[in-house]
Every structure is written in C-alpha cells, then in structure tokens.
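Below is one structure; the comments refer to it alone.
Numbering of residues begins at 1 and proceeds along the displayed sequence.
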Amino acid sequence: MTVRHYSWTKLLMVFMVVILGLSAAVGVYSKGEAVKSAGSSTEEFITKHMTNANGTLATYLQPGASTDPDIVAGREALSESLGFWMQYAVKKRDQALFERSYEVLNSRFLTSEKYIVWKIESDGRVKVNTNALGDDFRIIGSLIEASQLWKKDEYLAAAREISDTLQMHVQNNGYFVDFHDFARDESPATLSLVYVDIAVLKLMKDHQLIDSGTYEQYVRLLSEMPDDGVFFPVTFDVQEQKYAYGDDVNLIDQLMIGIHRAELGKKPTPLISFLKKELRQQKSIKGRYNRVTRTAEVSYESPSVYGLAILLALECGDKEWAKQLNKQMISLKNKDASYSGGYVFSKNTHFFDNILPLLAETAMQNP
C-alpha cells in the first residue's frame, strides 16, 4: 500500500452499533454515545504512535523519506487513512473523534477548489495536485453517516461539495475514474474496481448527491463483472469498456471488491471457498497470490487481509468463519511489546494494517 491511488482504497460497509445491551466490558449507551471497542488498545496505539503533531495520521510508524512523489513514505499522511479513521469514528459513535477528523479534513486535506489531496507531508505541506477516488468516496460516506447520526447538516453539505467536485472533474466518458490531476486538468481512463464503493454510492443517491441513473451504472458494473473462477478483474477501462486482470493477485483488492459485490447480494462464493481452503490447508492466508497457479507469492500474513476477510464474512452472514479469521488476526497483534495494541513487525507497521483490524474487531462485537 505504497503506490498512489492504491489508497483503495471501499470501502467497507459501516456496521452501525445498534444494540440494547452490551457486556460489562463495553457498557450501555444511548443513541449517538461513544462505545468502547474491543479493539480500543489498537485505537490507543494509533493515537499514541501513528498520529503526527498536526493531527494527521502517519502512514508508517517509522520516519522515512520518499524518493518519488507518487510513493508514500514514513510519516506522510494519506486521505485513505483519514477516511478509514472517520469511518471508525462513525462506527464507534464517537462524535468527538469524528469532529477532530473533520477539522483535519478541512484544515489539511481539502483545497480551495474543494478536492481532497491524496497525500500530505508529515509537517502538513502539500506537494501533490491529485485526489484518490476511493478515499473521497469513503470520506463522503462517513460525512453522510455522521450527518444522520448527529443531525449536523454541515457534514452533509461538505459531502455534497466534494461530490460536486468529483462529478465536475473526476470523470471520463461518463464514469468516475481513479483520480484527476487538478494542475494539468487531466484524468486517466482507468477505474479501479476496488473504488466502486457501492454502499457509499447508494448513500449518495439516497441523499441526492448523484442521480439514480449514475448509481445504477455502477450496480451494473459490479453485477456484470466477470471472474476467472476465483479472482476478480481489478480495473475497468472506461473508454474501451473492458475489464482487466492483474498478473498477480493482491488480496486487499479482491476482498474489497468482494465486499462491494456482497453488498449487492452477490456473495463471492469462489473467492470465499478459496480463502477457506487456504486457511484450512495452509493454516494461514497470505497477502499475494499468483493468479494462474493460485499459489502464494509471499510468505507474510497481512493483518489488513484478515480484517477485510472478517468484514466480508460478516457481510455474508458467516459468523463462524469470521471467528476463525479473527483468531488468526489477533494472533498477529502485540508481537512487539514496545507497541501495545499495535500490529507491529520489525519495529514498523502501516496504518492500513492497524485500522482494518480495528474496524474488524469492532464489527465482531456487533455483527
């Protein structure tokens, strides 16, 4: 998760916490009141170790310098991270946490042209002129959910402004595309399918930020999407109207796309069967696979892969599989005693590998 516009980026269906009574460890709450999460130790790790002095969220735990403006390094901050953090605040019903994130959005990421820059320096400087569609959708969705939860029209107005910018600039041939270069006024012809956040697009339709025809276009795009027997394509060329597969398979992409499909009632059964088989036979799920041979190309396990797989399992109503995945994911936590609550390996970690497990742990409480 280092290359621009793999700020990939859906996502994820917000599992709202609506429960009449919780265990003593969680406590009882009323509507709009913050709920203690089972993953709160990870939240504390993020707050303590992955938050920059200016309130932005560091991409990596350890500092580092980027040699390419399109590559993320060190304590640089992403709109991706901000969007997931806002999503978590809504899921947790923590208005104070959401409001702090909203302030960072307005003061650091949102430009005068009303687009969200995809990356900023750790000190707050902006050196890019592009957005990232998937991150924008995630932030828009969180703003809409927050406006409903806390009855603040300001959040919905902000979502509308960002949406208007996307519709005016971040389109090609009638489709949203991965990004727009606002300095050059250029957009690609590529739409990464991981960005087709159908749950957010439905929220946008329901609140008149996009029309029904636009929403149905993306329903068709996901519904008619082929697969190779297990894996989905990763991009759609909006000019050629063609889907394309990658040479290898990043499971983060596949799981996010699978979640979007499941939100339409199209359970990604072949993908789920493959993952269950891997967990059963190999005792783990790896981060990347060869698309042809279906064999792992890396030796590492990814906390974010397990987090997304849990969210997919819960979306499909498979609580038993979610429990198995959660046990595997939690086994990767607290490996480094210096960073309690974090998914830290060799003294470093990526924000993505902590926020997705945190979202999954929270969802496991309230599936």
Side-chain angles (χ1 to χ4, degrees), residues 1-11 68-71 79-80 115-116 118-119 128-138 140 162-163 165-202 204-205 210-264 266 268 270-271 288-292 297:
M1 295 182 334
T2 56
V3 183
R4 179 182 65 181
H5 310 306
Y6 190 78
S7 292
W8 323 282
T9 199
K10 180 224 132 252
L11 169 318
D68 184 329
D70 289 345
I71 302 297
S79 57
E80 172 187 62
Y115 75 91
I116 301 169
W118 76 277
K119 184 185 79 163
V128 299
N129 302 292
T130 55
N131 68 309
L133 180 68
D135 306 350
D136 298 344
F137 279 160
R138 193 171 296 112
I140 288 169
I162 299 165
S163 176
T165 300
L166 294 182
Q167 292 184 85
M168 185 175 298
H169 297 286
V170 193
Q171 292 211 11
N172 188 329
N173 198 33
Y175 287 86
F176 290 118
V177 288
D178 284 1
F179 64 93
H180 183 75
D181 188 319
F182 286 83
R184 299 181 178 181
D185 193 24
E186 295 175 351
S187 293
T190 302
L191 171 58
S192 294
L193 293 166
V194 71
Y195 284 167
V196 186
D197 194 332
I198 204 66
V200 171
L201 286 161
K202 186 176 187 303
M204 293 169 70
K205 173 183 72 73
I210 59 174
D211 59 36
S212 295
T214 298
Y215 171 70
E216 291 299 331
Q217 175 176 272
Y218 295 102
V219 170
R220 290 192 300 272
L221 187 66
L222 284 182
S223 299
E224 296 171 4
M225 180 172 54
D227 63 61
D228 68 359
V230 174
F231 300 122
F232 297 112
V234 292
T235 60
F236 180 73
D237 188 309
V238 302
Q239 291 287 350
E240 301 292 332
Q241 301 282 292
K242 291 181 179 179
Y243 298 91
Y245 294 89
D247 292 333
D248 59 3
V249 173
N250 186 315
L251 278 189
I252 289 174
D253 288 341
Q254 295 295 312
L255 286 162
M256 286 187 172
I257 295 169
I259 289 169
H260 301 332
R261 291 260 298 182
E263 289 166 348
L264 288 174
K266 295 184 175 295
L271 176 63
R288 302 184 76 91
Y289 286 81
N290 183 287
R291 190 170 69 83
V292 177
E297 292 193 329

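Minimum heavy-atom separation, D70 to D68: N-OD1, 2.8 Å. In this structure, A189 and V177 approach most closely via the heavy-atom pair C-CG1, 4.3 Å. Listed here is the closest heavy atom pair of V128 and P69: CG1-O, 4.3 Å. Contact between S187 and H169 at its shortest, heavy atoms only, is OG-O, 3.4 Å. P226 and P233 get closest at one heavy-atom pair: O-CD, 3.1 Å. Of all non-hydrogen atoms in N290 and F231, the two that sit nearest each other are O-CE1, 4.4 Å.
Side-chain contact between L201 and V196 is present, with at least one heavy-atom pair separated by less than 4.5 Å. Looking only at side-chain heavy atoms (C-beta outward), L133 and L191 come within less than 4.5 Å of each other. Looking only at side-chain heavy atoms (C-beta outward), Y115 and N129 come within less than 4.5 Å of each other. Contact annotation: the side chain of T165 approaches that of F182 to within less than 4.5 Å [non-hydrogen atoms, C-beta and beyond]. For the pair D228 and R291, the minimum side-chain heavy-atom distance is below 4.5 Å. Side-chain atoms of Q241 and N173, non-hydrogen and from C-beta on, do get closer than 4.5 Å to each other. Taking the side chain as every heavy atom from C-beta outward, I198 and L222 approach each other to under 4.5 Å. Looking only at side-chain heavy atoms (C-beta outward), V234 and N250 stay at 4.5 Å or farther from each other.
Taking CG of N172 as the start and CG of D237 as the end, the distance is 8.5 Å to the nearest 0.5 Å. From L251, atom CG reaches atom CD1 of I257 across 11.0 Å, with rounding to the nearest 0.5 Å. Between the OH atom of Y195 and the CZ atom of R138 there is a distance of 8.5 Å, given to the nearest 0.5 Å. Once rounded to the nearest 0.5 Å, the distance linking CD of Q171 with OG1 of T214 reads 7.0 Å. Separation of atoms CG (L166) and CD1 (I210) is listed at 10.5 Å; rounding is to 0.5 Å. If you take CG on D136 and CZ on F176, they are separated by 10.0 Å, rounding to the nearest 0.5 Å.
Residues passing the salt bridge (charged side-chain N to carboxylate O under 4.0 Å, His left out) test with D248, sequence neighbours excluded: R288. The side-chain hydrogen bond (donor to acceptor under 3.5 Å, both in side chains) search around S163 returns Q167, not counting sequence neighbours. Not counting sequence neighbours, the partners of K202 by the salt bridge (charged side-chain N to carboxylate O under 4.0 Å, His left out) test are D206.
Under the 6.0 Å cut-off for aromatic ring centres, Y175 and F236 qualify, their centroids lying closer than that.
A donor-acceptor contact shorter than 3.5 Å links the side chain of N131 to the backbone of H180. Side-chain N or O atoms of D181 include none that pairs as donor or acceptor with a backbone N or O of E186 at under 3.5 Å.
When only modelled atom types and interatomic distance are considered, T190 and D178 share no side-chain donor-acceptor pair under 3.5 Å.
For the side-chain contact (heavy atoms from CB on, under 4.5 Å) criterion with Y215, the lone passing option out of M204, K205, R220 is K205.
For the pair R261 and F232, the cation-pi test (distance below 6.0 Å, angle within 45°) is failed.
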